[in-house]
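Counting from 1, the numbers follow the sequence of the chain as shown. As the structure lists them, so they are numbered: ligands from 1, and atoms in each ligand from 1.
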Amino acid sequence: MENKILDVIDMSVEGEGIARENNLVYFIDGAVEGEKVEAEFIKQKDNLVWCKLVKVIEPSYRRADPPCPYFEKCGGCKIMHLNNETQALFKMLSLKRTIKKVTNLDVDILDTIQSPLDTRYRNSIQLKVDRNPDGNVDIGFYESRSHNLVSINDCLVCNEKNIDLIRILKEYLQTSRLNVQSVFASFWDDNLSILVQTDDGECEQELYDALIGAFNDVSLWCSKQYVASTLLNYKEARHFAGPERITINFDGFKIEVSPLDFIQANIEVAKILYNEIASKVGTNKVVLDLFSGIGITSLKFAQNNNYVCSIEQIRNSVESAKKLAIENGLQDKIIQHCGDCAEILPTLEFSETEKQNLVVFLDPPRKGAGKALIEALKNLNPNTIIYMSCNPTSLAKDVRDLLDTYKIESMQAYDMFPQTNNIESLTVLTKKDS
Ligand SMILES: C[S@@+](CC[C@H](N)C(=O)[O-])C[C@H]1O[C@@H](n2cnc3c(N)ncnc32)[C@H](O)[C@@H]1O
């Protein structure tokens, strides 16, 4: 099929440019609203056509020159071709559009809170590893919409320690027979917490030696299972060498983390968000902290003289949370429950006074809270629900299911992942009759 010249009139929530012609809707990766572009056909389904950007004929003032050499291939940074101001606007509008589509509400979304760093902001990295038939090792990320590996030496959204790690892993794996498939690593100053997925779930002391030769402290874990960000899969992961947990200082708290614990990837934005959430919660309340991870928000709420009841499914994280509460002297103010929020919540009992003082904070994974938990929340009937979300679609569905009794007080995107189309947001809901 011949290339088409198209006028880009809109942007999809995925970050593609949208053009319309003869009842067809075109999605063009890398094109910006307001541009005239040349596009090459990739595939069509009904009246939807996906295209590749061939040439920008008339560029938009919103376009930026992507500084990353892998931008066109790598599936990670889908909106690096938008300038920072437009990225912020894109996230606000995408959130608004998703809420409208699911709930039919026109919500005033506050301006996006931007990240203090727009590159080198990630302290963690998730890498795929491939050993070629010639013995060479490729390390990198998948191409957009495929399982083809883009081999990288640098990633501009990750901090420099992660880049040192890529180099060290490449050098090590070139001479070792260890069959690594993926790696999940996070850095805290010069301390590394790392989980490697190998074909047999085993690891090598020599890998630990290579890492400890380069970094101050290393907690090395291994697993046979796929190293995904859904850490619930890590049932088979085992500690291999170094300390089980790395001790870090997070916003004044002494915190211990292992690679099995969820920690936000952009610490600077996480600090801004956590402070905002703590201020919205206030003081002298009973706070339900749902999907609480290792309990950083619980610590912040307890520090502000609130009583906290947290629920988290990963046992390892709950153990960390208990230790943290003790080490930070806040154990009398936090009760941790381990299990599925939707199962545990209906079993909790609160007095009438506690119920009147109740604030719920939830921060679910990408799939959202889900019907059963939303139903349990409605039965509990707290005055305020504060919802932190990393997925506008699941947020919109959960909010829709709350709208018979709750109204949206505020909604705002936080740019936790600059250059990517991921949207983190904070929503405050209050009871309609309060
Ligand atoms: C987005 S993280 C938030 C963690 C924490 N609020 C933080 O900021 O560090 C989601 C957490 O929910 C946990 N989780 C996922 N599904 C769960 C469920 N059904 N019940 C309880 N916890 C769950 C995950 O293990 C993860 O720690």
Side-chain angles (χ1 to χ4, degrees), residues 122-124 126 184 186 188 193 195 225 227-235 237 245 248 250-251 253 255-278 280-281 287-302 308-325 328 334-348 359-377 385-392 394-395 398 414 416-417 422-427:
R122 282 194 74 102
N123 71 319
S124 62
Q126 209 170 319
F184 178 72
S186 63
W188 306 93
S193 157
L195 173 61
Q225 284 165 301
V227 179
S229 50
T230 47
L231 303 171
L232 286 175
N233 295 335
Y234 292 172
K235 293 195 180 84
R245 295 177 166 92
I248 64 169
F250 184 99
D251 219 8
F253 293 117
I255 288 183
E256 290 185 20
V257 288
S258 80
L260 305 200
D261 300 313
F262 174 91
I263 299 265
Q264 303 290 350
N266 182 338
I267 295 303
E268 293 311 314
V269 174
K271 284 182 194 164
I272 298 172
L273 243 171
Y274 290 155
N275 283 335
E276 185 58 26
I277 294 159
K280 285 191 187 316
V281 164
V287 190
L288 251 179
D289 187 354
L290 305 181
F291 307 94
S292 51
I294 58 167
I296 300 178
T297 41
S298 299
L299 292 181
K300 289 200 82 83
F301 302 146
V308 185
C309 176
S310 71
I311 310 179
E312 162 61 47
Q313 198 162 47
I314 295 186
R315 184 157 299 282
N316 198 69
S317 300
V318 176
E319 280 165 19
S320 295
K322 286 186 176 165
K323 279 182 78 181
L324 292 184
N328 291 284
I334 310 174
I335 297 173
Q336 296 89 355
H337 298 272
C338 183
D340 184 333
C341 289
E343 285 172 19
I344 304 265
L345 186 59
T347 68
L348 301 182
V359 175
V360 172
F361 168 64
L362 72 159
D363 179 14
R366 282 196 74 74
K367 66 177 183 194
K371 296 248 178 224
L373 179 59
I374 293 295
E375 223 27 66
L377 276 179
I385 299 175
I386 302 174
Y387 191 140
M388 179 167 159
S389 156
C390 58
N391 179 357
S394 58
L395 166 75
D398 289 335
Y414 282 73
M416 184 79 88
F417 309 101
N422 293 327
I423 303 173
E424 192 80 24
S425 64
L426 191 65
T427 301

With heavy-atom distances below 4.0 Å as the criterion, list the atoms of ligand 1 near [X].
X	result
Gly293	4 (C), 5 (C), 27 (O)
Gln264	8 (O)
Gly339	20 (N), 21 (C)
Pro365	15 (C), 16 (N)

Any N/O of Cys341 closer than 3.5 Å to an N/O of ligand 1?
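So ligand 1 has an N or O lying under 3.5 Å from an N or O of Cys341.
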Below 3.5 Å, N or O to N or O, backbone or side chain included: is there any such pair between Phe291 and ligand 1?
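Yes, since at least one N or O of Phe291 sits under 3.5 Å from an N or O of ligand 1.
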Option whose closest heavy atom lies nearest to atom 8 (O) of ligand 1, chosen from Phe250, Tyr274, Phe262
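Comparing heavy atoms across Phe250, Tyr274, Phe262, the nearest one to atom 8 (O) of ligand 1 lies in Tyr274.
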For atom 13 (C) of ligand 1, which candidate among Gln313, Arg366, Glu312, Arg315 holds the nearest heavy atom?
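Looking at heavy atoms only, the winner is Glu312.
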I'd like to know whether ligand 1 has [X] as a neighbour, heavy-atom separation below 4.0 Å.
X	value
Gly370	no
Ile263	no
Ile314	yes

Can you tell me if Asn266 uses its side chain to pair, donor with acceptor, with the backbone of Met416 under 3.5 Å?
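Yes, the answer is positive, given that a donor and an acceptor are paired below the 3.5 Å cut-off.
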Could you check whether any side-chain heavy atom of [X] comes within less than 4.5 Å of a side-chain heavy atom of [Y], counting everything from C-beta outward?
X	Y	answer
Ile255	Trp188	no
Leu324	Phe253	no
Val257	Ser186	no
Glu312	Ser292	yes

Are a donor atom and an acceptor atom from the side chains of [X] and [Y] found within less than 3.5 Å of each other?
X	Y	result
Thr297	Asp363	no
Lys300	Asn275	yes
Asp398	Tyr387	yes

Could you label the plane-to-plane angle of the Tyr274 and Phe250 rings as parallel, tilted or perpendicular, counting under 30° as parallel and over 60° as perpendicular?
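Tilted, since the angle between the ring planes falls between 30° and 60°.
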Check each heavy atom of [X] against ligand 1 and say whether those closer than 4.0 Å belong to the side chain, the backbone, both or neither.
X	answer
Pro364	backbone
Met388	neither
Ser292	backbone

